[in-house]
Every structure is written in C-alpha cells, then in structure tokens.
Amino acid sequence: MEFEPTIVGFLCNWCSYTGADLAGTARLKHRPNLRPIRVMCSGRVDPTFVLKAFAAGADGVLVCGCHPGDCHYIEGNYKTIRRFELLKELVSAYGIDERRVRLEWVSASEGERFALLVDEMTAELKALGPCELAPALADQGTDLDRLAAEAQAATTADPEVTHG
C-alpha cells in the first residue's frame, strides 16, 4: 500500500479556514490528507500544539493565517512569523525535518491557493516518507480529536487574541 501522509492544519478562523471552506464549496479538487483544526488566530498556535500533532501521528503540520497586515486581531500573524522560526528549531531538536512544518498565508478568497498548498505539501511529505519521531516525543502521544478540542478551547479563551 502506498504511503499517504497525514497533515494537521491549524487554520485561522477569519481567513484561512474560510479559504479552505471556499475550496470545498467551489468543489476544487485537492488531496484529502489535511485534518483541519480551526483556531481563532494563527498567533495563538502554541508550539506544543505542533509537537502534539506529531506525537499523535501527523506527518506534517501546516499553519495558515491571514496575510500580514490583514489580521483580524491586528498583529496576530506578526506574532506567528516571530514564533515560526523558533518552532522550526524546536521540531529539529526533536529530530523532525523542518520541511514537515509549514507557515502559509491564505485569505478568505483564496480557495484555489489553499487547495494547491494542500496538494503541494502532500506531495512533499510523500517524498519525505512517514515521520519518525524521537522517543521523547513519541512517548507524549495524544489523539488528533483531543488536540483539536484543546487548540480550539485555548484559542477562544485567550484574552490577548480576543481583545486585539
């Protein structure tokens, strides 16, 4: 059987999740490998969510937010940019190829771009093969449903995000 990667996508509520929805309602064809998790803002994607996604069996993680300058929470995506470089170092420290983590900007009107990103990331992860975790991370296992609930609860309760 051919390897099919699992991608966990943390999608901001205001732009990227809506862009993903547009891809679906427009019936744009793309690979079914993405497991979307709606978060209020890409700036609230905690690095531990990414590590938990890998511990739960993800082969890649896609973080999508509003384009810089268009964030519903004004500066959330700038926070994401700063955090992402550190995140790449963190996943590398756990022995995960940093190409397995990706940050992209997708607006609500970019359904086609979203579909292309999913296809592109799926192809890249297929070429890399299954993600093999360092034992320290593999022992922290969780499941994707629990991770989704935790991420959604954390992003809706954060006063920093909900108050701009």
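These numbers were taken from a predicted model, which means no experiment stands behind them.
Note: Cys12 SG to Asn77 CG = 8.0 Å, rounded to the nearest 0.5 Å. Here Tyr17 contributes atom OH and Leu22 contributes atom CG; the two are 13.5 Å apart, rounded to the nearest 0.5 Å. Interatomic distance, CG of Asp46 versus NZ of Lys52, reported as 8.0 Å (0.5 Å rounding). Remark: Trp105 CH2 to Cys15 SG distance equals 10.5 Å, nearest 0.5 Å. Annotation: the span from Leu62 atom CG to Ser16 atom OG amounts to 8.0 Å, rounded to 0.5 Å.
No path of Ile, Leu, Val, Met, Phe, Trp and Tyr side chains, each step under 4.5 Å between heavy atoms, connects Val101 with Leu34, placing them in separate hydrophobic clusters. Linking Ile, Leu, Val, Met, Phe, Trp and Tyr whenever their side-chain heavy atoms come within less than 4.5 Å leaves Met121 and Val8 in two separate clusters. Tracing side-chain contacts under 4.5 Å through hydrophobic residues (I, L, V, M, F, W, Y), one never reaches Val39 starting from Val118; they form parts of separate clusters.
In plain terms, the two heavy atoms of Leu11 and Pro36 that are nearest each other are CD1-CB, 3.8 Å. Residues Gly76 and Ser42 come closest through the heavy atom pair O-OG, 4.4 Å. When all heavy atoms of Val106 and Gly19 are compared, the pair lying nearest together is CG1-CA, 4.5 Å. Between Pro5 and Asn33, the shortest heavy-atom distance links the atoms O-ND2, 2.7 Å.
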Legend entry - Evaluation steps, side-chain contact (heavy atoms from CB on, under 4.5 Å), between Phe3 and Leu128: CA-CA 10 Å; Phe3 165 66; Leu128 289 172; over 6 Å; no
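Legend: residues meeting side-chain contact (heavy atoms from CB on, under 4.5 Å) with Glu124, ordered by chain and number and at least two apart, are Arg99, Arg102. With sequence neighbours excluded, no residue forms a salt bridge (charged side-chain N to carboxylate O under 4.0 Å, His left out) with Asp21. Judged as a side-chain contact (heavy atoms from CB on, under 4.5 Å), and not counting sequence neighbours, the contacts of Leu28 are Ala23, Ala26, Glu112, Ala115.
Cys71 places none of its side-chain heavy atoms less than 4.5 Å from the side chain of Tyr78. When side chains are defined from C-beta on, Cys131 counts as touching Phe54, because their heavy atoms get closer than 4.5 Å. Between Phe10 and Arg44 the shortest side-chain heavy-atom distance does not fall below 4.5 Å. Annotation: side chain of Ile7 is in contact with side chain of Leu125 (closest heavy-atom distance under 4.5 Å). Under the 4.5 Å side-chain criterion, counting only non-hydrogen atoms from C-beta, Leu103 is in contact with Thr80. Between Leu117 and Arg113 the shortest side-chain heavy-atom distance falls below 4.5 Å.
Relative orientation of the Trp14 and His72 rings is parallel, given thresholds of 30° and 60° on the angle between their planes.
The stretch residues 2-15 participates, sequence neighbours left out, in these salt bridge (charged side-chain N to carboxylate O under 4.0 Å, His left out) pairs: Glu2-Lys126, Glu4-Arg31, Glu4-Lys126. Within the structure, the side chain to side chain donor-acceptor pair (under 3.5 Å) test picks out the following pairs touching residues 53-70 (sequence neighbours left out): His67-Glu110.
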Donor-acceptor pairs under 3.5 angstrom involving side-chain atoms of residues 82-92: please list them, not counting sequence neighbours.
from  : atom 1 : to    : atom 2 : distance (Å)
Arg83 : NH1    : Gly43 : O      : 3.2
Arg83 : NH1    : Val45 : O      : 3.1
Ser92 : OG     : Lys88 : O      : 3.1

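Judged by distance alone, with hydrogens and angles left aside, the side-chain atoms of Thr18 form a donor-acceptor pair with the main-chain N or O of Asn13 at under 3.5 Å.
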